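Chain identifiers are assigned alphabetically (A, B, ...) following the order of the sequence lines, protein sequences preceding nucleic acid strands; residue numbering begins at 1 within each chain. As the structure is a prediction and not an experimental result, all values here were calculated from the model.
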Protein chains: 2
Amino acid sequence: MDKKYELNVRLFKALSDTNRLMIVNMLSYNELCACKILEQLGITQPTLSHHMKILCDCDLVKGRKDGKWTHYSLNGDTVSNLVSFFHDITITDNNCMCKEDEKGCYD
Amino acid sequence: MDKKYELNVRLFKALSDTNRLMIVNMLSYNELCACKILEQLGITQPTLSHHMKILCDCDLVKGRKDGKWTHYSLNGDTVSNLVSFFHDITITDNNCMCKEDEKGCYD
DNA sequence: ATAATATATAGACAATTATCAATATGAGGT
DNA sequence: ACCTCATATTGATAATTGTCTATATATTAT
C-alpha cells in the first residue's frame with residue numbers, strides 16, 4: 001500500500017512542471033517526435049531530453065525509436081491508473097477513523 | 001492559459017509527497033484536527049504544520065480554527081477542478097498540431 | 001497568574017530538481 | 001569516409017524541498 005503511494009507520488013512529481021504538463025497535453029492529441037515538441041517550448045534540447053526521461057521513467061509517456069527520431073505518446077493506461085488512484089484517495093465517505101475515539105478533539 | 005498550468009502545477013506539487021497523499025486520504029473520510037493526523041504519520045509536529053500549509057496554500061485543504069485546534073478538511077471543489085484539468089489535457093482527440101506540416105518528421 | 005496543550009514560525013541542513021553549455025552517440029545522406 | 005541531423009548524457013549551478021530542533025503564539029484549565 002505504501003508502494004502504491006510512492007508509485008503515484010512519482011507520477012504527481014512528473015506532472016509538477018509546466019513544461020511537462022504542456023508536453024502531456026501535446027501528446028494527448030497525437031504521437032510526436034522530440035523535435036516537434038521542442039519547437040513549442042522555450043527550452044534547450046538537453047532540457048527537453050531530461051523532461052522526456054522523467055515522463056518515460058514513470059510510464060506516463062512511451063518512447064518509440066524510429067531511425068533518427070524518437071516518437072513519444074501518452075500512455076493511456078498510466079493516465080487511467082492515476083485518475084483511479086486519485087479518485088480512491090479523495091472520495092468522500094463516512095468511515096471516520098476517529099468517530100468512536102473516546103478522547104482527543106472529537107469528544 | 002499559462003496561469004492555469006501554473007495553478008495546477010502547484011496542486012500536483014502538493015500531491016507529490018507520500019505524507020501529503022496520506023493526509024489527503026485521511027481527510028477524504030472526515031474533517032480532522034492536526035493532532036489526529038499527526039498520530040498516523042511518523043513525522044514531527046512542525047513538519048506536519050509545514051505540510052498542512054502547503055495543502056492549504058493551494059486550496060486543496062481548508063483549515064478551520066476552533067479554540068486550540070485547527071480542523072482540516074478536503075476542498076472538494078479544488079479536487080474536482082484538478083480532475084477536470086487533468087482530463088482536459090489528457091483526452092485523446094485528433095487535432096494534431098502537426099498533421100498539416102509540410103516538413104519535419106511527419107511527411 | 002501560571003501551567004499545559006495545540007499549532008505555527010524560524011533557522012539549519014541535506015537531498016532533489018530545472019536548467020544550461022558542452023559533448024557523445026547513432027542514423028542517414030552525399 | 002565524412003557530414004549532418006536528432007537525441008542522449010555529463011557536469012555544473014541555482015533554486016526548491018522535506019525534515020529536524022528550538023522557539024513563539026494562542027487557547028484553555030487550574
Rounded to whole angstroms, how far apart are CG on B/L41 and P on D/dT19? 10 Å
If you measure from the Lys or Arg side-chain nitrogens to the Asp or Glu carboxylate oxygens, is any gap between B/K36 and B/E39 under 4.0 Å? yes
Tell me the interatomic distance from A/L48, atom CG, to D/dA6, atom C1', rounded to whole angstroms. 11 Å
Where protein sits on nucleotides 18-25 of chain C, one letter per nucleotide: B base, S sugar-phosphate only, - none, heavy atoms under 4.0 Å: BBBBB---
Nucleotide of D/dT9, C/dT7, D/dT7 approaching A/C35 most closely (side-chain heavy atoms): D/dT7
Not counting sequence neighbours, which residues clear salt bridge (Lys or Arg N to Asp or Glu O under 4.0 Å) with A/R64? List them please. A/E31
Can you tell me how far P of C/dA6 sits from CE of B/M52, to the nearest Å? 16 Å
Below 3.5 Å, can you tabulate the donor-acceptor pairs from side chains in residues 78-87 of chain A to any protein atom, sequence neighbours excluded?
residue : atom : partner : partner atom : Å
A/T78   : OG1  : A/D59   : O            : 2.6
A/T78   : OG1  : A/N75   : ND2          : 3.4
A/S80   : OG   : A/G76   : O            : 3.0
A/N81   : ND2  : A/D77   : O            : 3.4
A/S84   : OG   : A/S80   : O            : 3.1

Distance only, no hydrogens: is a donor on one side chain within 3.5 Å (strictly under) of an acceptor on the other, for A/S16 and B/S16? yes
Rounded to whole angstrom units, what separation is found between the OH atom of B/Y72 and the C1' atom of C/dA8? 8 Å
Selection from C/dA6, C/dT9, D/dA6 that lies nearest to any side-chain heavy atom of B/S49: C/dT9
Hey, which of these two, B/K53 or A/K65, hits DNA chain C nearer its 5' end, going by closest nucleotide? B/K53
